[in-house]
J.: 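The structure's right below; bear with me while I get my questions together.
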Amino acid sequence: MDLQAQLEELKKSTQAQLQAIKAENAKELQDLRVKVLGKKGSLTELLKGLKDLPNELRPVVGKQVNEVRDVLTKAFEEQGKILAAAKIQAQLESESLDVTLPGRKISVGNRHVLSQVTEEIEDIFLGMGFQVVDGYEVEQDYYNFERMNLPKDHPARDMQDTFYISEDILLRTHTSPVQARTLDKHDFSKGPLKMISPGRVFRRDTDDATHSHQFHQIEGLVVGKNISMGDLKGTLEMISKKMFGEDRKIRLRPSYFPFTEPSVEVDVSCFKCGGKGCNVCKKTGWIEILGAGMVHPRVLEMAGVDSEEYSGFAFGLGQERIAMLRYGINDIRGFYQGDSRFTEQFK
Ligand code: FA5
């Protein structure tokens, strides 16, 4: 091949190689430039052949060499720009943010369903001017039983199987001891006592789907002048409607608690069947939600409150029971196991 053909060949093959270089291999461009246009490159190599050409051809081929150098130099420059632009483009694409994509969900916790029910009931009573009072989970036998008109050896103590810590100290079996503690502190010259007290209670019960050895109650107590059973019924009717729906009715059944006289169990008309009878209310149309009654005169007297002048009502409801009825929860153990598949249902 003569020198001119070689020059033409070098030009074409270099152009082809240039085209083939990809953006991610931009370094190959520099290597190719050195290989073709460098001091010891292919073009310089071909130039050496110039001296062997006949005189009249030398200027012609010399000119062709310069042209090829110019063409290739320009081609390298241009390909360099193209590759640099492609690199920037690729970078932009890889780092681009698609603002229309839905974001990743951050899992946020929620209040436990028992806390939600408690707070809801607290709000209802706060709205009626009640105070919310805290009690002790570790309580004295004296407040848990004796002040609730359950002297030592009283058979009704068996209704609440108890965890004793010592003969006089126990885990409270109900929130009722808060009644005695609050009565002791209240100054009746400033008006009636209206309080609720939510909290945890403990009984030596066998755990099953509806019983737990620890559960939650809300105690309610109103003591003042001329407080009647009508006030109790009105209050409970209101709370049942707020918790279970406006068309709920309540029913009071005679019962027995040593600290109330008369005592009642309170049923609410079934929110599922409306009273016709279904599996939720065990075909009775009614669901028991709490125990209540008029405060026993002896409970008032033990607190130094004149039972001739003052009267009152009290109630105790189980939050688990309320939440289970409301949300159709069929196993009480779900409340305590911390399984997120349970807890997340109450967001
Ligand atoms: C009492 O504890 C009384 N102190 C309530 C009371 C207060 C009556 C003031 C009158 C005046 P009782 O033992 O029935 O009553 O319990 C009240 C509620 O606690 C029950 O209706 C039930 O909802 C709930 N409860 C009782 N035992 C358990 C248990 N083992 N597991 C879950 N909930 C329970």
Side-chain angles (χ1 to χ4, degrees), residues 114 117-118 121 125 130 133 135 137 139 143-150 154 156-163 170-183 193-223 227 229 231-233 235-236 239-240 243-244 250 252-268 286-300 311-326 329-336:
L114 287 177
V117 167
T118 307
I121 295 174
F125 281 99
F130 281 59
V133 179
E137 290 178 1
E139 187 50 283
Y143 286 105
N144 192 81
F145 288 129
E146 286 184 43
R147 288 291 300 274
M148 288 293 104
N149 200 24
L150 279 147
H154 192 293
R157 284 193 178 205
D158 290 350
M159 285 158 61
Q160 300 180 358
D161 260 342
T162 310
F163 290 112
L170 44 76
L171 298 182
R172 67 175 176 185
T173 56
H174 52 176
T175 43
S176 298
V178 188
Q179 286 190 32
R181 288 185 175 276
T182 321
L183 276 169
L193 165 62
K194 290 159 76 181
M195 73 88 176
I196 59 162
S197 182
R200 199 161 13 166
V201 302
F202 309 83
R203 287 186 199 176
R204 221 162 50 76
D205 271 344
T206 312
D207 290 0
D208 61 21
T210 52
H211 292 85
S212 167
H213 62 280
Q214 56 171 315
F215 56 100
H216 298 78
Q217 289 189 338
I218 298 184
E219 193 76 11
L221 176 69
V222 172
V223 177
I227 303 291
M229 197 92 177
D231 297 313
L232 170 64
K233 193 170 179 210
T235 306
L236 295 177
I239 184 87
S240 310
M243 294 306 291
F244 295 110
I250 63 164
L252 308 185
R253 274 184 295 116
S255 183
Y256 171 72
F257 297 104
F259 33 91
T260 46
E261 181 59 37
S263 303
V264 289
E265 297 279 359
V266 179
D267 300 338
V268 58
W286 297 93
I287 297 167
E288 183 193 315
I289 54 163
L290 55 86
M294 299 307 290
V295 180
H296 197 292
R298 221 171 292 153
V299 171
L300 296 176
S311 58
F313 68 78
F315 60 87
L317 60 84
Q319 275 111 300
E320 280 85 347
R321 170 62 66 94
I322 301 276
M324 286 171 86
L325 290 171
R326 198 169 177 195
I329 298 165
N330 53 19
D331 196 325
I332 197 169
R333 289 165 285 207
F335 290 117
Y336 317 118

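Counting convention: from 1, in listed order, for ligands and their atoms alike.
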J.: Under the rule for side chain to side chain contact (heavy atoms under 4.5 Å, CB included), what residues qualify as partners of Arg333, not counting sequence neighbours?
T.: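 Scan of Arg333 (side chain to side chain contact (heavy atoms under 4.5 Å, CB included), adjacent residues dropped) gives Ala209, Asp331, Gln337.
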J.: Under 6.0 Å between ring centres, would you say that holds for Phe257 and His174?
T.: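 Judged by ring-centre distance (under 6.0 Å), Phe257 and His174 do not meet the cut-off.
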J.: Who's touching ligand 1 if we go heavy atoms under 4.0 Å?
T.: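 Residues within 4.0 Å of ligand 1: Gln160, His174, Ser176, Gln179, Arg203, Asp205, Thr210, His211, Ser212, Phe215, Gln217, Glu219, Phe257, Phe259, Thr260, Gly291, Ala292, Ala314, Phe315, Gly316, Gly318, Arg321, Ile332.
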J.: Return the set of residues passing salt bridge (charged side-chain N to carboxylate O under 4.0 Å, His left out) with Arg181 (not counting sequence neighbours), or none when no residue passes.
T.: Glu139
J.: Quick one: list whatever passes side chain to side chain donor-acceptor pair (under 3.5 Å) with Glu137, sequence neighbours left out.
T.: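 Glu137 satisfies side chain to side chain donor-acceptor pair (under 3.5 Å) with no other residue.
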J.: If I take atom CG from residue Asn144 and atom CG from residue Leu170, how far apart are they, to the nearest 0.5 angstrom?
T.: 5.0 Å
J.: Verify the ring-centre separation between Phe130 and Phe315: is it less than 6.0 angstrom?
T.: no
